[in-house]
Amino acid sequence: MTVRYGNAWWLATAVLVALAGTPAARGAEGELSFYTSWNSGDYGTGVSADSQIFTTRYVWGDAFQIRVELPVIRLQSSTGVLQTGFGTMPLEGRHGNDSHMGGGPGGTGHGPMGATLPQPATVPTQSYWESGLGDLRVALSRRLVGGGVRLFRLDAGLEVKAPTADENRNLGTGQWDLRVFASGAYRFWSATGFAGVGYSRLGDPSWIDLENIYDGWLGVESDPIAGGRLTVSGWIEARQAVVASADDYAALGLGLQTTGRRRWRAAVLKGVGNGSQDLSVIVGLAWGLNPPSWNKALYR
């Protein structure tokens with residue numbers, strides 16, 4: 001089942017109106033945040049696939065937590081790349097929107113069932129920018145053990161991706177995705193270690209089979225420093241490639257966050273290996289209580 005692109009804006013509007021009336025927006029329990037990310041790299045294809053993503057996110061709850069996020073995407077699209085929800089990925093079997101292909105430099109004239117990945121730096125490749133609504137994601141998680149005054153915590157949850165992005169613009173796959181995940185934390189003397197793992201069943205477009213993948217992260221977050229006004233976190237994140245012909249993803253991240261009811265966040269991620277972006281820069285602003293979510297270093 002696919003949510004039509006024309007109806008996606010109505011869905012997005014409904015979500016944003018609902019967010020405006022949430023406890024976080026009124027200053028009660030919960031967090032409303034906005035993030036912008038800039039991502040650059042060729043992901044092992046030899047063809048640049050830069051993206052800019054603005055995400056609205058709402059998180060509410062502690063023992064039982066709800067997270068809703070909706071991105072708006074601007075993607076440099078070209079031969080063999082697609083926005084999958086796990087970042088921009090090289091995909092074989094598709095050259096992008098046919099209205100941009102054929103005839104011009106780098107165009108092949110093939111439709112969606114055309115040839116595979118581009119050859120790095122050998123043939124000029126036509127690229128163009130697409131923008132629009134991304135895929136809506138809703139996650140529910142439950143604390144299993146720990147929390148409160150205890151030094152540890154373990155949560156498990158379920159996330160659903162609704163295909164509100166336009167598949168023809170390479171902004172999404174046009175299919176529903178399902179992800180299960182677990183995250184945990186342990187409090188040390190002056191820092192908190194956190195880790196998590198997830199498994200995703202990705203819906204397959206008609207023109208390609210996507211892999212069901214594992215992802216994970218491991219990191220540490222400091223106690224407040226600089227007079228209690230700032231925390232610092234570092235982590236490594238990794239996931240399998242969504243297609244067998246691509247390399248797996250891995251990146252190292254460094255994040256900063258201010259404290260208080262209004263919090264600025266910033267992060268830089270450096271890709272490791274051919275299947276990763278060269279660099280990502282993320283800036284965000286959040287209001288309300290800071291919910292206990294130990295994958296919060298993953299700002300995207």
Side-chain angles (χ1 to χ4, degrees), residues 8-9 11-13 15-20 22 24-25 30-43 48-60 67-77 81-89 127-139 159 161-162 164-166 169-172 215 217 219 221 230-235 237 239 249 251-271 276-288 290-291 293 295-300:
W9 290 103
L11 177 60
T13 300
V15 170
L16 295 177
V17 169
L19 289 176
T22 61
E31 179 186 82
L32 180 63
S33 59
F34 302 94
Y35 291 93
T36 299
S37 68
W38 296 267
N39 313 285
S40 179
D42 63 12
Y43 302 89
S48 178
D50 297 345
S51 63
Q52 302 163 9
I53 304 174
F54 177 82
T55 301
T56 300
R57 177 178 298 163
Y58 173 58
V59 182
W60 181 87
R67 172 168 51 86
V68 180
E69 57 185 57
L70 184 67
V72 175
I73 300 171
R74 185 170 183 258
L75 174 70
Q76 184 184 25
S77 194
V81 298
L82 175 70
Q83 185 70 20
T84 66
F86 286 95
T88 304
M89 293 288 177
S127 64
Y128 49 92
W129 286 91
E130 290 283 14
S131 60
L133 194 68
D135 291 319
L136 174 68
R137 291 180 175 271
V138 178
E159 179 180 293
K161 185 209 80 176
T164 53
D166 190 348
R169 297 186 180 187
N170 289 349
L171 301 177
D215 67 279
W217 61 93
E221 182 178 75
L230 185 69
T231 62
V232 181
S233 58
W235 70 94
E237 57 180 79
R239 59 177 173 264
Y249 166 93
L252 298 173
L254 177 65
L256 302 174
Q257 176 181 254
T258 61
T259 59
R261 294 192 62 85
R262 185 180 68 178
R263 295 173 297 282
W264 286 97
R265 293 171 181 157
V268 176
L269 289 98
K270 173 60 180 175
S276 310
Q277 79 277 28
D278 294 333
L279 189 70
S280 292
V281 178
I282 305 162
V283 177
L285 180 60
W287 291 267
N290 194 6
S293 175
N295 61 346
K296 62 186 177 183
L298 308 181
Y299 295 139
R300 297 191 309 285

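Every heavy atom of this structure was used, including side-chain atoms; hydrogens, water molecules and symmetry mates were not.
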Rounded to the nearest 0.5 Å, what separates atom CD in Glu31 from atom OH in Tyr58? 10.0 Å
What I'd like to find out is whether the side chain of Glu237 reaches to under 4.5 Å of the side chain of Leu269, using heavy atoms alone. yes
Indicate whether the side chain of Asp278 and that of Ser40 have a donor and an acceptor atom separated by less than 3.5 Å. no
Pairing residues for Ser33 by the side-chain hydrogen bond (donor to acceptor under 3.5 Å, both in side chains) criterion, not counting sequence neighbours: none
Rounded to the nearest 0.5 Å, what separates atom CG in Leu32 from atom CH2 in Trp287? 6.5 Å
Starting at OG of Ser131, measure out to CD1 of Ile53 and round the result to the nearest 0.5 Å. 12.5 Å
Flag side-chain contact, heavy atom, 4.5 Å: Val72 against Thr56: no
Kindly determine whether Phe54 and Arg74 satisfy side-chain contact (heavy atoms from CB on, under 4.5 Å), including the steps that lead there. CA-CA 9 Å; Phe54 177 82; Arg74 185 170 183 258; over 6 Å; no
Does any part of the side chain of Glu159, heavy atoms only, come nearer than 4.5 Å to the side chain of Lys161, both counted from C-beta? no
Minimum heavy-atom distance between Val59 and Arg67, given as atom pair plus value: CG2-CG, 3.9 Å
Please name the pair of heavy atoms, one in Leu254 and one in Val232, separated by the smallest distance, quoted to 0.1 Å. CD1-CG1, 4.0 Å
Are Leu285 and Arg262 side-chain neighbours, meaning at least one heavy-atom pair lies under 4.5 Å? yes
Might you work through the side-chain contact (heavy atoms from CB on, under 4.5 Å) test for Trp38 and Thr36, ending with a clear yes or no? CA-CA 7 Å; Trp38 296 267; Thr36 299; 3.5 Å; yes
Close side-chain approach of Leu279 and Val268, heavy atoms under 4.5 Å: yes
